[in-house]
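All values derive from a computational prediction rather than experimental measurement.
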Amino acid sequence: MRIGDSVLFEGHWAYVESIFYTFLRLRTWDERRIIVPVKYFVSQPFENWSVKDARVMKTITLFLDHRADVAVLRDVFLELAKQDEGVIDHESLAANVTEHMPHAQEVSFFAMSPDPSTGWTTAMRLREGLLDYVRTHHPDWWPRERVDAETQEVAALSAPHSRKATR
């Protein structure tokens, strides 16, 4: 690791701004500073994105009702991704149901970008495009609570909290 490297440390995307004998100073994408003791930093896993090949596979996750048609979403995603300048390697594009819960299905979309910064902004654009499609064409695909008519029990809770967006 060197000064200027782009790293992902404990969910924070940052640049290594300074390396001192006892601590590191990381500058996040939104200009915050994270001070980390060297001993702690080297004992925790981190990703160094400043390697020879900076490509990164980004994952966009949506939680949708079981009625959502994944084949339709896959086609919409492929169209959006192929038109986005931040997506490279169109052969690696994918969309799959990655988890199934009582109240929703988790649908994940995968796209390769040339570098982490481009990947972050690309993932945000693709997520917004997918959300706009569902909102406009299939609002019935949003997760919802269901009540069992016989037992009057709520069969589902609200959708899980979304993962923290990192850059």
Q: Hey, quick one: are Leu131 and Val70 part of the same hydrophobic cluster, counting side-chain heavy atoms closer than 4.5 Å, chains of contacts allowed?
A: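 Yes; Val70 is reachable from Leu131 via cluster members.
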
Q: Does one hydrophobic cluster hold both Phe63 and Val76, with members joined at side-chain heavy-atom distances below 4.5 Å?
A: no

Q: Heavy atoms, side chains only, cut-off 4.5 Å: are Arg27 and Arg32 in contact?
A: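 No, side chains not in contact.
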
Q: Any donor and acceptor pair, going by atom type alone, linking the side chain of Gln105 with main-chain N or O of Ala68 inside 3.5 Å?
A: yes

Q: Of the non-hydrogen atoms in Pro114 and Gly86, which two are nearest, and what is the gap between them?
A: CD-O, 3.5 Å

Q: Could you walk me through whether Val38 and Tyr21 pass side chain to side chain contact (heavy atoms under 4.5 Å, CB included), step by step?
A: CA-CA 7 Å; Val38 169; Tyr21 183 70; over 6 Å; no

Q: Is there a ring pair (Phe, Tyr, Trp, His ring centres under 6.0 Å) between Tyr133 and His138 once you walk through the steps?
A: CA-CA 7 Å; Tyr133 176 81; His138 296 284; 5.7 Å; yes

Q: Quick one: are Val56 and Met112 in side-chain contact, heavy atoms under 4.5 Å?
A: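 A side-chain contact is absent here, since even the closest heavy-atom pair is not under 4.5 Å.
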
Q: Should the ring pair His100 and His66 be called parallel, tilted or perpendicular, given that the plane angle runs from 0 to 90° and is split at 30 and 60?
A: tilted

Q: If you apply the rule side chain to side chain contact (heavy atoms under 4.5 Å, CB included), what do you find for Val87 with Lys82, and how did you get there?
A: CA-CA 7 Å; Val87 176; Lys82 287 178 180 178; over 6 Å; no

Q: Does a salt bridge link Arg125 with Glu85, judged by any charged N lying under 4.0 Å from a carboxylate O?
A: yes

Q: Tell me yes or no: between the side chains of Thr28 and Asp30, is some donor less than 3.5 Å from an acceptor?
A: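 Side chains of Thr28 and Asp30: pair found under 3.5 Å.
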
Q: Look at the side-chain heavy atoms of Ile, Leu, Val, Met, Phe, Trp and Tyr, link any pair under 4.5 Å apart, and say whether Met124 and Trp29 land in one connected group.
A: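 Met124 clusters together with Trp29.
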
Q: In Å and rounded to the nearest 0.5 Å, what is the OG to CG distance from Ser113 to Asp89?
A: 10.5 Å

Q: Answer yes if Ile3 and Val36 sit in the same cluster of Ile, Leu, Val, Met, Phe, Trp and Tyr residues linked by side chain heavy atoms under 4.5 Å apart, and no otherwise.
A: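 Linked within one cluster.
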
Q: After noting the C-alpha distance and the side-chain angles of Phe9 and Gln44, does the key distance pass the side chain to side chain contact (heavy atoms under 4.5 Å, CB included) rule?
A: CA-CA 8 Å; Phe9 180 69; Gln44 302 300 312; 3.7 Å; yes

Q: Side chain to side chain contact (heavy atoms under 4.5 Å, CB included) between Leu8 and Phe46: does it pass, once the steps are laid out?
A: CA-CA 6 Å; Leu8 181 64; Phe46 67 93; over 6 Å; no

Q: Output yes when a side-chain donor or acceptor of Asn96 lies under 3.5 Å from a complementary backbone atom of Thr98, and no otherwise.
A: no

Q: Rounded to the nearest 0.5 Å, what's the gap from CG on Asp69 to CG on Leu64? Could you check?
A: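 Reported value, rounded in 0.5 Å steps: 11.0 Å.
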
Q: When rounded to the nearest 0.5 angstrom, what distance separates NZ in Lys58 from CH2 in Trp120?
A: 9.0 Å

Q: Over all heavy atoms of both residues, which pair between Arg127 and Thr59 is shortest? Give the atoms and the distance, please.
A: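 Reported closest heavy-atom pair: NH2-O, 4.1 Å.
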
Q: Measure the shortest side-chain to side-chain distance between Trp141 and Leu73 over non-hydrogen atoms and say whether it is less than 4.5 angstrom.
A: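 Trp141 vs Leu73: side chains touch.
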
Q: How long is the span from the CG atom in Asp75 to the CG atom in Leu80, to the nearest 0.5 Å?
A: 11.0 Å

Q: Would you say that Val16 contacts Leu26 through its side chain, given a criterion of any heavy-atom pair below 4.5 Å between the two side chains?
A: yes

Q: Check the hydrophobic clustering (I, L, V, M, F, W, Y; side-chain heavy atoms under 4.5 Å; chains of links allowed) and say if Met57 and Leu62 are grouped together.
A: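 No, Met57 does not connect to Leu62 through the hydrophobic network.
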
Q: Okay, side chain of Thr122, backbone of Thr118: is any donor-acceptor separation there less than 3.5 Å?
A: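 The answer is yes, because a donor-acceptor pair under 3.5 Å joins these two groups.
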
Q: Answer yes or no: is there a donor N or O on one side and an acceptor on the other, between the side chain of Arg25 and the main chain of Ile19, under 3.5 Å?
A: no

Q: With a 4.5 Å cut-off on side-chain heavy atoms, are His12 and Ile34 touching?
A: yes

Q: Just verifying a value: how many Å separate Phe109 CZ and Leu126 CG, rounded to the nearest 0.5 Å?
A: 10.0 Å

Q: Using side-chain heavy atoms (C-beta onward) and a distance below 4.5 Å, is Arg33 in contact with Glu31?
A: yes

Q: Counting C-beta onward and ignoring hydrogens, is there a side-chain heavy-atom pair between Phe77 and Leu130 closer than 4.5 Å?
A: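 SC-SC contact between Phe77 and Leu130 confirmed.
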
Q: Would you indicate whether the side-chain heavy atoms of Tyr40 and Phe23 approach each other to under 4.5 Å?
A: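 They are not in side-chain contact.
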
Q: Give the C-alpha distance, both sets of side-chain angles, the deciding distance and a yes or no for salt bridge (Lys or Arg N to Asp or Glu O under 4.0 Å) between Arg55 and Asp115.
A: CA-CA 5 Å; Arg55 295 182 313 154; Asp115 59 78; over 6 Å; no

Q: Do any N or O atoms from the side chain of Arg74 and from the backbone of Ala95 form a donor-acceptor pair under 3.5 angstrom?
A: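 Yes.
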
